[in-house]
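Each remark here refers to the structure printed beneath this line.
In what follows, chains are A, B, ... by sequence order, proteins preceding strands, each numbered from 1. Bear in mind the structure is a predicted one, so any value in this text is a computation, not a measurement.
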Amino acid sequence: MLWQKDLPRADLVIRGARVLDPTEGIDAHLEVRIDGGTIAEVAETVDANGHRVVEADGLVLAPAFVDPHVHLRTPGREDEETVASGTAAAAAGGYCAILAMPNTDPVVDSAATLGALVEAARREAEVSVGFLAAITRGQRGEELTEMGELAETGAVAFSDDGMPVASAGLMRRALQYASITDRPLALHCEEPTLSHGGHVHEGRVAAELGFAGYPSVAESVAVERDLALADYERGRVHVLHLSAAESVDALRRARDAGVAASGEATPHHLVLTDDAVRSLDPNVKMNPPLRAEHDRRALLEAVRDGTIEAIATDHAPHAADEKEAPFEAAPFGVTGLETAFAALYTHLVEPGQLSLETLLERMSAGPARIFGLDRPRVSAGARANIVLLDLERGWMVGEHPFRSRSENSWLLGSRLRGVVQMTLAGGGVAFE
Amino acid sequence: MIRLVTDDLRPPGDPPKRHLLSVGDLTRDDVERLLGTARTFETSLERHVKKLPTLKGHLIVNLFYESSTRTSSSFELAAKRLSADTLTVKSVGSSVDKGESLKDTALTLGAYDPDVIVIRHPQVGAPQLVARVTAAHVVNAGDGKHQHPTQALLDLYTLREEFDRLEGLHVAIVGDVLHSRVARSLLQAFALVGIRTTLVGPPALLPRELPAEASTDIEAIRDADVVYVLRMQNERMEAGANFVPSLREYSARWGITRERLRAGQKVMHPGPMNRGVEIDPRVADSVDSLITRQVRSGLVVRMAVLYDVLTGGPVGVQALTAAEVA
């Protein structure tokens with residue numbers, strides 16, 4: 001279900017690192033030998049076997065990251081991102097696998113469009129990439145796509161991300177039909193008659209700045225509706241980019257009741273609140289919008305307790321001229337692949353709001369589990385999908401050019417700690 | 001003997017440009033200085049020759065992306081009374097019609113080296129964008145539903161002329177607060193000078209998060225010294241929007257009529273008025289109406305603002321990045 005170009009299989013020995021794989025229960029200074037792209041040995045000392053030796057004293061070696069929510073803008077807006085540039089950005093951010101959303105032009109709603117993307121990924125993807133296909137044709141919310149054929153062609157899951165499935169009746173049919181494919185539905189939950197025209201969370205900041213409000217309840221009523229339908233149809237759903245405390249509560253209740261539901265949160269929703277909008281910087285405009293501090297805390301608590309199993313960037317590249325506009329005229333979305341780990345390490349782990357172990361789990365094993373992907377792990381016999389992190393070094397976002405074709409980062413110009421030194425993806429060195 | 005000039009002895013670089021983007025950027029002292037300057041200009045307008053040479057040789061560009069009568073005409077006249085050259089660009093009939101972006105329009109006009117760009121735009125933050133990409137002093141003449149700082153200043157000027165004080169007054173702002181940049185600017189300005197504010201209007205048009213007393217009951221205007229009536233914007237009342245069931249119902253419940261006013265209670269309105277909707281024509285034309293005085297105040301206050309940004313004002317544009325705010 002995932003595709004990547006052929007990278008030379010790595011023969012490496014990594015020495016001196018703190019190996020941290022929370023899911024495997026490893027936290028120790030160990031050496032790792034990789035033979036032909038596969039982890040051959042993890043031990044106190046390993047034989048170099050004539051391999052290249054990477055001295056990693058002071059670094060952390062962890063399972064590489066998995067991002068379940070990326071916009072590669074291909075086909076249609078190759079000026080903003082391509083499979084090659086987006087996966088290069090992913091490699092630089094420590095990711096070994098990403099999933100791409102189907103809201104392209106044309107929409108990924110046919111086997112032909114999906115097949116062309118699979119071919120592009122085989123040619124140019126620096127890390128493994130999987131594709132979601134649309135739930136409805138053209139994401140118009142009217143007719144279901146041919147989910148059976150799309151799943152056979154390689155669709156990992158189905159989503160109308162960017163647009164909600166407004167009709168409850170159609171959502172029910174989608175849940176019924178998707179069950180034959182054994183693929184989850186990844187849901188953009190938004191009640192359009194409540195979010196209508198809104199750019200900013202409906203709260204004090206929107207009231208003072210005169211922005212049309214996009215209230216929390218516009219998300220949470222849609223989350224409640226879709227969880228109720230998933231329960232009724234015994235379907236599998238994944239709630240994308242959660243932003244509101246009420247939505248998190250709904251997800252927690254549904255999971256407790258046994259509904260097959262998962263959720264994700266983005267770095268920007270975990271770090272920022274709508275206060276950031278006072279800057280009028282179009283790089284803090286995203287859908288769903290940044291919300292209040294109590295929402296941010298609810299998301300963080302859900303990441304800690306596992307209600308939210310995945311951290312997803314919702315990497316959404318936009319051309320510079322589109323974002324150089326008044327806030328209301330600018331499009332929704334920010335980039336995230338190259339900054340996610342450092343942003344969360346700096347703003348959540350260092351101040352003690354989240355443990356490093358939980359962060360690593362939610363950025364790798366968690367999303368892999370939701371979408372049925374191979375879990376990146378540091379153990380003998382596994383394909384080398386690992387990342388080397390320097391937690392001491394600081395850097396300034398934007399000081400080096402982005403590998404993404406777009407620069408609409410909410411962190412532009414800010415200082416972060418945590419540098420990705422090396423990424424191995426699918427057994428090859430994708431970044432160093 | 002060679003003397004080295006150390007860095008701290010070198011003349012400093014250009015100070016940050018002064019702009020008027022939001023009432024939130026002003027201090028109480030700024031307001032007092034602006035109102036004082038306006039008073040001085042008012043005196044000069046009583047002379048036979050009304051033109052002052054103050055801004056001779058300066059270029060003031062009026063860039064209007066929304067229709068406007070009093071704001072655009074009073075900025076133009078204010079500039080002319082101060083002997084500045086003026087250039088008025090309206091979006092209709094300009095390259096904006098051809099899809100030119102605000103940034104490119106601003107860069108184009110910036111190439112003429114204007115001293116001041118006065119901008120009105122339907123989107124929040126447009127004046128900040130122009131301030132970032134040009135070297136001109138920028139004056140916000142209304143951006144979206146965000147700010148209209150010169151309106152707030154001229155209203156303060158009008159109130160002081162009428163009451164001879166500001167602190168301790170009580171103003172009820174009535175109507176469509178949700179869509180009103182005037183209301184947002186007034187709230188900040190009134191807080192700055194110690195005027196008590198009560199917001200009154202239909203529930204869907206009163207944002208509950210604004211920092212002021214609020215009531216849906218028109219009776220709440222009773223104790224106010226001044227009733228400030230906002231324009232009911234017909235375009236907001238399209239079928240299906242349902243902010244209120246109808247203009248008829250709005251007028252019946254929140255329209256300002258003689259019967260609803262106490263004797264001597266003053267009435268203001270930023271214009272343009274919908275007579276018979278939010279305000280009874282007999283109220284608008286009564287002796288207690290300050291509406292035409294607001295228009296006259298607009299001229300001298302805008303003269304003061306243009307003079308102030310070019311000579312002595314304090315306001316610096318804050319183009320913070322999101323990361324700095326966080």
Does any non-hydrogen side-chain atom of B/Gln128 lie less than 4.5 Å from one of A/Pro326? no

Do A/Glu208 and B/Gln147 have side-chain heavy atoms sitting under 4.5 Å apart? no

Would you say B/Arg184's side chain and A/Ala207's backbone share a donor-acceptor pair under 3.5 angstrom? yes

So for B/Arg181, is it side chain, backbone, both, or neither that comes closer than 4.5 Å to the heavy atoms of chain A? neither

Among B/Pro207, B/Ala126, B/Ser180, the residue with the most heavy-atom pairs under 4.5 Å to chain A is B/Ala126

Rounded to the nearest 0.5 angstrom, the CZ-CD distance for A/Phe211 and B/Gln123 is 9.5 Å

Any A/Glu202 side-chain heavy atom under 4.5 Å of B/Glu209 side chain: yes

Within 6.0 angstrom of A/Glu407 CD, more than 12 heavy atoms from elsewhere: no

When the 4.5 angstrom heavy-atom criterion is applied to A/Ala329 and chain B, the contacting part is both

Quick check on side chain to side chain contact (heavy atoms under 4.5 Å, CB included): which of A/Leu280, A/Val277, A/Val200 does B/Val124 satisfy it with? A/Leu280

Distance col, row A/Glu324:CD vs B/Leu102:CG, nearest 0.5 angstrom, shows 11.0 Å

So A/Glu328 and B/Lys145, side chain to side chain contact (heavy atoms under 4.5 Å, CB included) or not? Walk me through it. CA-CA 11 Å; A/Glu328 288 165 291; B/Lys145 302 182 281 291; 4.2 Å; yes

More than 12 heavy atoms of other residues, nucleotides or ligands under 6.0 Å from CZ of A/Arg297: is that the case? no

At a 4.5 Å cut-off on heavy atoms, which part of B/Pro122 comes close to chain A: side chain, backbone, both, or neither? backbone

